[in-house]
Structures are given as structure tokens and as C-alpha cells.
Number of protein chains: 2
Amino acid sequence: MSMDHVFAALADPTRRAIIDRLRGGDKTAGELAEPLPISRSAVSQHLKVLETAGLITRSKSAQQRIVALNADALTEAAGWLQAAHDEWQQRFDSLDRILAEEVPTDTSTTDPSTTDRTAD
Amino acid sequence: MSMDHVFAALADPTRRAIIDRLRGGDKTAGELAEPLPISRSAVSQHLKVLETAGLITRSKSAQQRIVALNADALTEAAGWLQAAHDEWQQRFDSLDRILAEEVPTDTSTTDPSTTDRTAD
DNA sequence: CCCTTAATTAAGTGATTACTACAATACACT
DNA sequence: AGTGTATTGTAGTAATCACTTAATTAAGGG
């Protein structure tokens with residue numbers, strides 16, 4: 001259930017498609033394989049990758065395997081991304097504030113060619 | 001800047017470590033390479049992967065390359081995860097509610113073997 | 001112009017990935 | 001037991017990955 005495995009699992013478009021379908025509720029391995037342009041064996045292998053990553057759980061019901069999404073692993077990965085994003089955004093915002101405060105003096109006030117007040 | 005590339009980039013622990021360091025602000029390629037147990041060449045290759053994924057931007061400053069985090073790609077990936085997580089959680093919550101309300105009746109009311117009322 | 005520093009690119013290697021086709025398992029129905 | 005259905009496991013293969021060393025580009029200073 002390491003982050004390595006979670007992100008590696010999510011890197012494949014077929015596996016993300018499977019997760020997208022699972023958002024609508026549990027499915028059997030066959031139902032998941034049906035719209036995909038690859039063999040059932042390949043789907044089974046993808047499911048194994050997702051299971052190892054902790055993103056899904058599989059349970060038996062007669063011959064069929066019920067596949068369900070596991071929210072915990074999603075939460076963990078989402079959390080890491082959110083943390084990185086938030087800290088960066090915060091740093092970005094404060095930089096914005098600094099720039100907004102300190103900019104006013106730029107040119108024309110300290111221009112040496114206009115400060116030669118020789119008129120007197 | 002596809003999701004494939006973003007998640008594939010995040011699947012490597014070295015690259016996540018680089019992103020973690022970048023949360024503290026911009027760094028040069030050398031600064032990023034210094035604590036890592038791999039060659040500078042390898043770090044440069046990792047940076048290229050992160051750049052292709054849109055997770056960082058690189059700019060030149062004299063001989064050095066300044067590396068900066070790019071929040072947009074992080075936002076996109078975080079958004080996908082969050083959407084999957086939220087919809088699942090919502091479905092989970094309503095299932096919880098249904099179970100809490102509907103459990104009382106289970107079996108024994110529609111059993112065909114007990115409806116042969118031959119006693120008359 | 002030559003040399004140092006900072007970083008990237010090129011080539012090569014061993015490990016891993018995604019797929020297919022085929023074989024094996026597991027369960028249900030007769 | 002024997003057949004059909006749902007799914008997984010096992011080679012085998014072509015492509016990609018992470019790494020190393022060696023060569024290359026680019027900027028600055030003598």
C-alpha cells in the first residue's frame with residue numbers, strides 16, 4: 001500500500017478507466033473487462049496491480065469476482081498531492097503579497113536625470 | 001501534460017523527494033542533486049521527466065538551472081483523485097443510510113416451503 | 001583562447017511492464 | 001462425474017525505465 005504502488009497503478013489509463021467505472025459502484029471482473037479492448041487475462045492482471053496498490057478489494061461470489069473501490073488509498077494519495085499543492089500555493093500567495101506591497105517605487109522617482117534641480 | 005505522465009512521474013520516490021524539496025522554494029539542479037545518492041546525470045533525467053509531466057519548470061540563470069514547482073499539474077492530479085474519492089464516499093454514505101433503515105426484514109416471510117397451508 | 005563549473009545528452013545494461021495465447025482453477029447445473 | 005462459465009496463473013515478447021559512464025553544451029574568468 002505504498003505511495004510508489006498507488007501512483008504507479010494510477011499511471012496506466014486502462015487502470016484509471018477501471019477506477020472511473022468503479023465510482024458508479026461495485027462491478028464484476030467481467031463487467032469491467034467487457035468495454036475494454038484487451039483480453040480478460042490482461043484485465044485480471046490490471047486488477048491485481050490495483051489490488052496490490054490497495055486501490056481496490058476483490059471478493060468472491062460464486063464464479064464471479066466482485067471488485068470494489070477502496071477509498072483509503074485514494075485518500076492517502078490525494079492527501080500527498082494536496083499537501084504539496086497547498087504549501088506551494090501558500091508560498092506563492094505570500095510572494096504575491098510581498099510584490100504587491102513593495103512595487104510602488106520603481107522608476108521616475110529616483111531617476112538621476114530628473115533630479116538635477118539646477119533651477120534656482 | 002497528460003495524466004499518464006503526471007502519475008508516472010509521481011510513482012518514483014526520487015521524483016517525489018524532489019517535489020517535496022521544491023515545496024520549500026526554488027532550487028538549482030545541483031542543490032537538488034546534492035543529498036541524493038545518485039549521479040547528477042540521473043537527477044537531470046528525473047527533472048526532464050518531471051518537466052515533461054508539467055510538474056516543474058526549468059529556467060537558466062548563468063550556468064545554473066533553476067527548478068520550480070508548477071502547481072497546475074498538481075492541481076489536476078489532485079482533482080482527479082479527489083473526484084474519485086468524493087463520489088465513492090458519497091455512495092458509501094448513502095449505502096450506510098440505507099442499511100441503517102432497511103435491515104429489519106430479511107427472510108422467512110416469502111419462503112415457498114412454508115406457504116403450502118394444507119392444514120384444513 | 002583555454003580552463004573550470006553546471007548541467008544536459010548519448011549509449012549501454014539489467015529490471016520491470018503490458019500484452020497475448022494457452023493452461024489451470026473454481027463453482028454451478030444437469 | 002462431466003460440461004459450461006468466470007476468472008486467474010504462466011510463459012514468452014517487445015517496449016520502457018532507472019541507472020551508470022563518457023561525451024557535449026553553455027557561461028564566466030584567467
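Residue numbers begin at 1 in each chain, while the letters A, B, ... track the order of the sequences.
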Distance-only donor-acceptor test (3.5 Å): side chain A/Gln45, base C/dT20: yes
Distance-minimising heavy-atom pair for B/Thr14 and B/His46: CG2-CD2, 3.8 Å
5' precedence on DNA chain C between A/Arg65 and B/Gly30 (nearest-nucleotide basis): B/Gly30
Selected nucleotide, minimal atom distance to B/Ile38 side chain, candidates C/dT5, D/dC19, C/dA26: D/dC19
Nearest-Å distance for atom pair CD/C1', residues A/Glu34 and D/dA6: 14 Å
Minimum heavy-atom distance B/Asp26-A/Trp88, with the two atoms named: OD1-CH2, 3.5 Å
Minimum-distance nucleotide (side-chain atoms of A/Arg58 versus D/dT8, D/dA27, D/dT20): D/dT8
Check: A/Gln64 side chain, C/dC27 base, donor-acceptor under 3.5 Å: no
Comparing B/Arg40 and A/Arg15 on DNA chain C - which has the more 5′ nearest nucleotide: B/Arg40
Listed nucleotide nearest any side-chain atom of B/Lys60, set C/dC27, C/dA18, D/dA27: D/dA27
OP1 or OP2 of C/dT20 under 4.0 Å from side-chain N/O of A/Ser39: yes
Closest to side chain of B/Leu47, choosing from C/dA7, C/dT8, C/dC27: C/dT8
Shortest non-hydrogen separation from B/Arg21 to B/Pro35 and the atoms involved: NH1-CG, 3.1 Å
Touch class at under 4.0 angstrom, heavy-atom based, for A/Ser41 against every strand present: base
Among C/dT8, D/dT8, D/dA26, the nucleotide that comes nearest once only the side chain of A/Ala29 is considered: D/dT8
Nearest to side-chain heavy atoms of B/Ala62, which nucleotide of D/dG28, D/dT20, C/dC19: D/dG28
Pair A/Thr52, A/His5: side-chain N/O donor-acceptor within cut-off below 3.5 Å: no
